[in-house]
Amino acid sequence: MKINEIYVNLPIKDVQKTREFWTKLGFSINEQFLDEKAICVIMKENHIYAMFLKEEFFQTFTNRPFAKGDTTQVLLAIGVNSRDEVDNMVKTAIENGGSKYSEPMTTDGCTKAVLQTLMAISGK
């Protein structure tokens, strides 16, 4: 079996704020999956997408509770090409409401930075 695309679904509180945050980081939106309940952020065209669903809509897909911000349920990691790109994404994320979980660190030629509740970013 071959997988064509991956859609990671995550609960959010506000579609518009989510759109603003991710577009400021330089990501595009798949308008086909955009409405008042959800937004689709294109992570890698034709391959990887993050579906951010309003909490009420997210809950229609499962009868189990989801993380409300005081637990960790998913870590979303994004790979970029350089330390400069990592630093720029972290700076932009923080300027737009993200918070830094840890300082960037370089191991084995790869720089990693973690933003609390948002994502991990790594680059060479």
Return the [atom1] to [atom2] distance between [X] and [Y], rounded to the nearest 0.5 Å.
X: Glu20; Y: Asp14; atom1: CD; atom2: CG; answer: 8.0 Å
X: Asn96; Y: Lys24; atom1: CG; atom2: NZ; answer: 4.0 Å
X: Ile12; Y: Thr18; atom1: CD1; atom2: OG1; answer: 3.5 Å
X: Ile39; Y: Ile29; atom1: CD1; atom2: CD1; answer: 3.5 Å

State which residues pass side chain to side chain contact (heavy atoms under 4.5 Å, CB included) with [X]; sequence neighbours excluded, sorted by chain then number.
X: Gln32; value: Asn30
X: Glu95; value: Lys91
X: Asn88; value: Thr92

Output a table of donor-acceptor pairs, distance under 3.5 Å, between side-chain atoms of residues 40-62 and any protein atom two or more places apart or on a different chain; print 'none' if there are none.
unit_1	atom_1	unit_2	atom_2	d
Tyr49	OH	Asn46	N	2.9
Glu55	OE2	Lys13	NZ	3.1
Gln59	NE2	Thr62	O	3.0
Gln59	NE2	Arg64	O	3.0
Thr60	OG1	Phe57	O	2.6
Thr62	OG1	Arg64	N	3.0

Closest contact, heavy atoms only, Val15 versus Asp35: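 In terms of heavy atoms, the two residues are closest at CG1-O, 3.6 Å.
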Determine all donor-acceptor pairs shorter than 3.5 Å in which one atom belongs to a side chain in residues 4-11; sequence neighbours excluded.
unit_1	atom_1	unit_2	atom_2	d
Glu5	OE1	Tyr7	OH	3.1
Asn9	ND2	Tyr7	O	3.4

For Asp87, what residues pass the salt bridge (charged side-chain N to carboxylate O under 4.0 Å, His left out) criterion, not counting sequence neighbours?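 For Asp87 the salt bridge (charged side-chain N to carboxylate O under 4.0 Å, His left out) partners, ignoring immediate neighbours, are Arg83.
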